[in-house]
Amino acid sequence: MLERKQVKGRTQVTFVLPENDPAGPVSVVGDFNHWNPAAHPLTPCGDGTRAAHVSLPAHSSHSFRYLAAGDYWFDDEQADHHDGTNSRIHT
């Protein structure tokens, strides 16, 4: 799930997944963090989910995916678009 909040010309995007699906650590990686899995790991929220917050420029478009343990890459079903390789978000 993707949540968005406009803040002073930027968009605060929250990437949300179930706490244990998939099992193990998960990071959101994309062109906004140079595809670095250490940049935005999802952390438990206490409500059965885990999330990562990323501040992006408003009115922009970005490619991203999730990277889980075991080199398991997957897309976000709630993304604005899928380009065949990546999920896409528009802020």
Side-chain angles (χ1 to χ4, degrees):
M1 177 171 61
L2 300 170
E3 300 173 354
R4 297 174 182 97
K5 180 179 179 184
Q6 299 299 318
V7 181
K8 297 181 182 179
R10 298 193 62 82
T11 302
Q12 179 76 30
V13 179
T14 303
F15 298 86
V16 182
L17 292 175
E19 190 168 14
N20 295 312
D21 186 23
V26 177
S27 295
V28 61
V29 293
D31 56 15
F32 48 82
N33 63 13
H34 306 287
W35 301 94
N36 178 357
H40 296 102
L42 277 71
T43 57
C45 298
D47 64 355
T49 65
R50 53 188 161 176
H53 308 283
V54 179
S55 180
L56 299 172
H59 313 292
S60 61
S61 182
H62 300 275
S63 294
F64 74 97
R65 295 191 84 196
Y66 295 105
L67 177 59
D71 202 31
Y72 172 60
W73 291 85
F74 62 102
D75 293 313
D76 192 314
E77 294 178 12
Q78 301 298 317
D80 297 329
H81 181 71
H82 295 91
D83 65 12
T85 304
N86 300 308
S87 297
R88 301 280 298 166
I89 185 170
H90 308 289
T91 58

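All of these numbers come straight from a predicted model, not from anything done at the bench.
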Can you find a pair of side-chain heavy atoms, one from [X] and one from [Y], that are under 4.5 Å apart?
| X | Y | result |
| --- | --- | --- |
| V13 | I89 | yes |
| D75 | Y66 | no |
| T11 | H90 | no |

Q) Under a 4.5 Å side-chain heavy-atom rule over Ile, Leu, Val, Met, Phe, Trp and Tyr, are V26 and Y72 clustered together? A)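 Both belong to a single hydrophobic cluster.
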
Q | From L42, T49, V28, residue fulfilling side chain to side chain contact (heavy atoms under 4.5 Å, CB included) relative to L17 | A |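 One option only clears the test, and that one is L42.
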
Q: Anything under 30° is parallel, anything over 60° is perpendicular, the rest tilted; go ahead and classify F64 against F32.
A: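 Judged by the thresholds at 30° and 60°, the geometry between F64 and F32 is tilted.
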
(Q) Over 60° means perpendicular and under 30° means parallel, so tell me whether W35 and W73 are parallel, tilted or perpendicular. (A)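 Correct class here is tilted.
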
Can you name the nearest heavy-atom pair linking [X] to [Y], along with the distance?
| X | Y | result |
| --- | --- | --- |
| A52 | H40 | CB-O, 3.9 Å |
| S61 | D31 | O-OD2, 4.4 Å |
| T85 | D83 | N-OD1, 3.0 Å |
| P37 | S27 | O-OG, 2.6 Å |
| A79 | L2 | CA-CD1, 3.8 Å |
| S87 | D76 | OG-N, 3.0 Å |

Q. Got a sec, which residues hit salt bridge (charged side-chain N to carboxylate O under 4.0 Å, His left out) with R50, two or more places apart in sequence or on another chain?
A.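 Partners of R50 by the salt bridge (charged side-chain N to carboxylate O under 4.0 Å, His left out) criterion come out as none, since no residue qualifies.
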
To the nearest 0.5 Å, what is the distance between [atom1] ([X]) and [atom2] ([Y])?
| X | Y | atom1 | atom2 | result |
| --- | --- | --- | --- | --- |
| T91 | K5 | OG1 | NZ | 16.0 Å |
| H59 | Q6 | NE2 | CD | 6.5 Å |
| N86 | H81 | CG | NE2 | 10.0 Å |
| R4 | Q12 | CZ | CD | 12.5 Å |

Q.
Within the supplied structure, the quantity of interest is the number of heavy atoms (other residues, nucleotides, ligands) at a distance under 6.0 Å from E77 CD; does it exceed 12?
A.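 Check fails, neighbour count at 12 or below.
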
